[in-house]
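In the text below, chain A, chain B and the rest are named by the order of the sequence lines, each starting its count at 1.
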Amino acid sequence: MKAKIHVTLKQGILDPQGKAIEHALDSLGFKNTENVRVGKYMELDVKETDKAKAEAQVKSMCEKLLANTIIEEYRYELQ
Amino acid sequence: MKAKIHVTLKQGILDPQGKAIEHALDSLGFKNTENVRVGKYMELDVKETDKAKAEAQVKSMCEKLLANTIIEEYRYELQ
Amino acid sequence: MKIGVLVFPGSNCDHDCQHVFQDVLGQQVQMIWHKETTMSALDAVVIPGGFSYGDYLRTGAIARFSPVMKTVKEFAQTGGLVLGICNGFQILLEAGLLPGAMLRNRSLHFVCKDTYVRVENAATPFTGACRPGQVLKIPIAHAEGNYYTDPVTLAGLQANAQVVFRYCTQDGKVAPEANPNGSLDNIAGIRNAEGNVLGMMPHPERCAEDLLGNADGRLILTSMVEFLRKKPLKMVEAWPA
Amino acid sequence: MKTNTADVKELLAQHNLTDDEFKKIVEILGREPNITELGMFSVMWSEHCSYKSSRVHLKKLPTTGPRVVQGPGENAGAVDIGDGLCVVFKMESHNHPSYIEPYQGAATGVGGILRDVFTMGARPIALLDSLRFGGLESAKNRHLMRGVVAGIAGYGNCMGVPTVGGEVRFDDIYSLNPIVNAFCLGIAHKDKIFRGTAAGVGNPVIYFGSKTGRDGIHGATMASDAFDDESDQKRPTVQVGDPFQEKLLLEACLELMANDLLVGIQDMGAAGLTSSSCEMASRAGNGIELDLTHVPRREPGMTPYELMLSESQERMLMVAKAGKEEECVRICQKWDLDVAVVGKVTGDGMLRVLDQGQVVAEIPAKALADDGPRYERPYSPPAYQDMLTNLNYDSIPDVKEANAALLTLLSSPTIASKRWVYEQYDHMVRTNTIVRPGSDAAVVRIKGTNKAVAMTVDCNGRYCLLHPYEGARLAVVEAARNLVCSGAVPIGLTDCLNFGNPERPDIMWQFVLAIEGLKEACEHFKIPIVSGNVSFYNETNGLSIYPTPMLGMVGLIEDAGQAMTQWFREDGDAIILLGKTRDDLGGSEYLKVLQHREQGSPPWLSLETEKALQDFVLKVIHEGLVQSAHDCSDGGLAVALAECCVSGPSGARGAVVKLRLDSLRRDALLFGESQSRIILSTRPKVAASLLSRAMEAGIPAAHIGTVGGGRLVIEVEQGRHSEGCRIDLPIDQVSDRWAHALEEQLSQE
Ligand SMILES: Nc1ncnc2c1ncn2[C@@H]1O[C@H](COP(=O)(O)OP(=O)(O)O)[C@@H](O)[C@H]1O
Ligand SMILES: [Mg+2]
């Protein structure tokens with residue numbers, strides 16, 4: 001199965017990258033954009049046909065490695 | 001409107017980060033994962049009610065700044 | 001003393017730490033490959049700077065799972081001295097041996113330059129040779145040194161004098177303009193509650209010789225050696241401020 | 001190749017091969033090449049790999065000397081520094097890729113030069129970078145510069161090799177053809193140098209490093225291909241660097257080499273598997289048989305053509321001693337590298353490539369590596385040359401607002417502090433950096449000895465435009481002067497010759513004269529050129545860059561403690577100017593920035609005078625008589641003095657200086673770029689004796705002022721033909737301008 005994982009900074013945690021992009025967009029003339037947040041997007045294949053099993057595995061991959069839950073939150077879809 | 005933008009490496013372009021993560025997952029015992037690809041995920045608000053206008057703007061923001069179209073491709077949704 | 005220096009794939013200050021403890025401070029140094037799981041009779045462990053696993057995903061995120069880290073945890077739990085410098089600090093955070101996390105520098109750039117840090121706690125195994133409030137000039141070199149933790153944890157760190165170094169001006173003022181990366185509360189280095197684990201972003205090993213124009217960092221490294229000389233390893237107990 | 005002539009023409013065009021070159025290929029093979037063979041010839045016979053336009057001229061360069069351990073012809077050059085050690089260094093260009101993708105282009109350029117050095121058995125201990133961009137008013141140029149600097153930082157920092165110095169200059173001529181040259185220096189044991197040779201018939205050929213993907217196929221031919229408007233569209237598969245992989249490759253190589261397992265080793269740079277295999281075979285007069293079946297691949301369905309031409313980064317080819325395969329494989333695996341035995345050394349001189357048991361290419365290795373075409377391209381000076389040099393100075397008003405002129409010059413990005421750049425580079429890792437970026441040369445100590453090496457990269461492209469021969473000589477002496485001011489004896493040189501399209505006689509003329517100039521200066525100073533690189537076709541829409549023969553020079557300091565820096569150290573010290581100031585405004589930064597002219601003749605130079613000056617300064621530095629030494633270059637005397645005041649790590653120091661105008665113009669005295677001048681500061685008590693000794697040595701010397709105070713004051717006395725003038729500025733103002741100008745211009749959006 002293919003897992004699509006989004007890892008984003010928790011609300012309220014300053015996102016320097018987002019700030020910089022917002023600033024750059026502004027100076028490019030895109031004055032009407034705001035609240036830019038930057039996160040990671042990961043795709044991977046899990047050789048596992050049982051959806052529940054796959055879910056459990058992806059969750060634990062996120063908890064263990066893919067996200068740092070002190071600053072980040074994650075969500076994922078499986079197909 | 002809220003724009004959700006995915007920026008990913010084009011097919012065939014080396015993804016060192018994905019490679020490293022795949023290797024790490026493997027040594028963590030997740031032997032059945034492969035083809036890890038890492039991209040960027042961005043969210044931002046566009047103060048624009050006309051969907052077509054917003055689309056056009058997000059597209060040009062991607063072309064101009066958010067994606068490096070020489071090695072990356074992008075897609076976006078608007079809500 | 002016998003100092004163990006960890007070597008991860010991508011560590012690149014490992015030789016520098018070896019050099020400073022061995023050739024400058026005359027201690028015994030053992031390089032420890034990340035796949036090893038035993039550490040024979042070490043007095044202290046140094047986790048050097050660098051780009052372990054290329055800093056991919058998050059700095060320190062992958063290194064933390066190296067076999068050797070389990071042993072380091074045990075070593076720390078028995079009171080062994082652990083010093084994490086730069087990427088070493090980041091690894092200690094990811095490994096949960098110290099609280100908090102690192103964000104990208106406010107500037108988004110890698111910064112390599114001298115910074116001034118104030119010794120906020122001179123009663124640690126790593127700062128015994130410093131005066132309280134002493135200002136040290138120590139260089140930084142990182143892109144993710146923007147320390148973050150939640151307010152509760154921060155309050156705890158401050159209350160227990162776990163904040164050991166804070167970025168300051170040359171004359172010791174802890175001010176925004178002296179903050180090179182956006183760190184919360186100008187934090188440059190923290191210790192664990194027990195006091196035997198220190199993580200710091202600045203590189204003391206890079207300024208421990210007069211030939212290099214600055215020997216301030218030597219104070220921190222000699223503090224460790226002196227501490228170990230005085231205290232038999234197993235007897236390290238919590239260090240009140 | 002069963003194809004009709006139309007298709008052949010088409011194919012040749014795609015591969016940048018001429019009809020004659022194709023004829024030659026058919027001759028060599030005694031048949032028509034297949035597509036894989038054609039591809040292999042096209043990359044190996046490209047300008048980039050074959051030096052077909054430059055070789056006949058490169059031969060003239062002095063490449064020998066008592067210290068030379070390895071001259072041109074290997075991956076890098078090597079020079080003896082005593083204690084059984086040598087320094088291994090080389091400079092390489094990555095201009096074209098950096099224009100197409102600045103971050104990855106610059107990053108992979110650094111990766112390539114690092115491999116060139118550690119394949120020789122040297123541990124890299126220093127990087128320098130030499131950059132040229134168009135003016136920062138242009139958003140595109142700012143984008144290029146940000147990306148290039150980030151790319152160099154991203155790769156070098158991760159490798160743990162300090163980037164200790166470099167050079168950045170700006171001129172709109174580089175807008176569409178920026179220059180990105182990277183220099184790397186490593187340390188090796190003199191008797192443990194490794195070479196790219198496939199000796200010993202039957203020895204196994206082993207591939208290790210990253211897997212092979214479809215990266216940068218035709219990168220080598222692209223780099224030899226002038227840009228046109230389509231280039232922005234032309235999207236070649238860009239190579240992406242993986243510095244982490246390279247760090248593992250470095251450690252694995254050094255471990256392999258320490259264990260006496262190798263016969264030869266070479267990195268896969270331009271033309272990847274093709275160049276590494278045929279060059280190693282040819283150097284040993286042998287052949288190599290490769291079986292592509294075993295080559296680690298990143299993508300399915302790769303053809304022999306793609307595998308042989310791929311420029312995937314972080315890959316190496318080694319020839320191991322027979323029977324040592326397992327040990328080699330074990331070490332590579334310890335470092336998590338892909339590794340495979342992909343062939344063996346043969347005695348028949350053929351590069352034979354098999355895939356799934358089929359021979360897919362069979363070419364004499366020597367023909368591919370060394371028998372490429374050699375061209376004696378026609379050359380003649382361009383019509384515009386006289387227009388450039390003839391400049392009537394009477395038409396240029398002399399400077400009135402000296403304060404303003406100085407401040408303007410100090411904020412010209414070419415002169416302003418490069419802190420914004422080098423703070424992004426880790427310039428301290430390995431704890432050897434005695435003199436950090438910001439002085440005339442970087443100085444790095446050699447652990448385990450008392451020695452240190454100094455390094456600098458230099459070239460003033462404007463001088464070279466105005467007079468390629470003089471410009472090249474000036475580059476050599478400036479590089480040497482920078483080393484001498486740092487207390488080092490110059491011992492070797494590497495070059496990176498960036499030029500336009502060699503098929504144009506005027507460009508070829510620039511190249512030939514530059515080589516002549518290099519030759520003459522290097523011979524006079526007895527500095528051997530031990531390695532280098534040529535980058536042609538730095539041209540877009542017929543507009544080519546200024547001739548830019550970049551030099552990377554290395555010097556030796558026997559006692560690391562004697563390393564010298566450029567900034568004033570103590571109030572009250574005497575300021576001494578060595579050398580004569582002439583009416584040398586031609587090609588100066590002053591003329592460009594304040595008069596908007598890039599014209600005139602470059603500064604006058606006598607190699608004898610220069611050598612005498614450098615010998616003298618070296619002597620007094622080693623005797624410990626000197627507090628600081630700084631050479632006068634861009635912006636002339638006034639700028640050099642300002643730099644002495646503000647470039648120090650521990651804050652700015654003022655100075656009060658008095659200058660005699662005599663028969664000079666004010667602008668020439670203050671901002672002219674006369675050569676063979678060095679500003680020393682010394683303890684007051686030694687000033688007098690130092691002056692008289694300079695006189696004895698026949699070197700013009702004057703005690704021009706004193707360090708200290710809160711201002712920079714330069715008093716110019718009334719002269720024979722003109723009024724005097726006065727620079728008088730708060731030192732903090734001078735400092736701010738110089739320190740922040742570059743950052744400010746880059747941060748404009
Ligand atoms: N301008 C030059 N001066 C001296 N040697 C040169 C010059 N250009 C190339 N060489 C030498 O020719 C050889 C091939 O150069 P190059 O192709 O740049 O090496 P690589 O294949 O490692 O990139 C090298 O040994 C290099 O030192
Ligand atoms: Mg090479």
A/I21 portion near chain B, given a 4.5 angstrom heavy-atom threshold: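 Both backbone and side chain of A/I21 come within 4.5 Å of chain B.
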Rounded at 0.5 Å granularity, tell me how far [atom1] in [X] sits from [atom2] in [Y].
X: B/T33; Y: A/E48; atom1: OG1; atom2: CD; value: 12.0 Å
X: B/Y41; Y: A/K4; atom1: OH; atom2: NZ; value: 13.0 Å
X: B/E34; Y: A/K47; atom1: CD; atom2: NZ; value: 4.0 Å
X: B/L44; Y: A/F30; atom1: CG; atom2: CZ; value: 11.0 Å

Please lay out, stage by stage, how A/Q57 and B/N32 fare under the test side-chain contact (heavy atoms from CB on, under 4.5 Å). CA-CA 10 Å; A/Q57 173 174 342; B/N32 61 343; 2.7 Å; yes
Go through [options] and name the one with the most non-hydrogen pairs under 4.5 angstrom from chain B.
options: A/K31, A/K64, A/E43, A/M42; answer: A/E43
options: A/E22, A/Q17, A/R37; answer: A/R37
options: A/K40, A/K2, A/H6; answer: A/H6

Counting only heavy atoms closer than 4.5 Å, note whether B/L66 contacts chain A via side chain, backbone, both or neither. side chain
Answer with side chain, backbone, both or neither: which region of B/T8 has an atom nearer than 4.5 Å to a non-hydrogen atom of chain A?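 Only the side chain of B/T8 comes within 4.5 Å of chain A.
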Do other residues, nucleotides or ligands put more than 12 heavy atoms under 6.0 Å from the NZ atom of B/K53?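 Not more than 12 within 6.0 Å, no.
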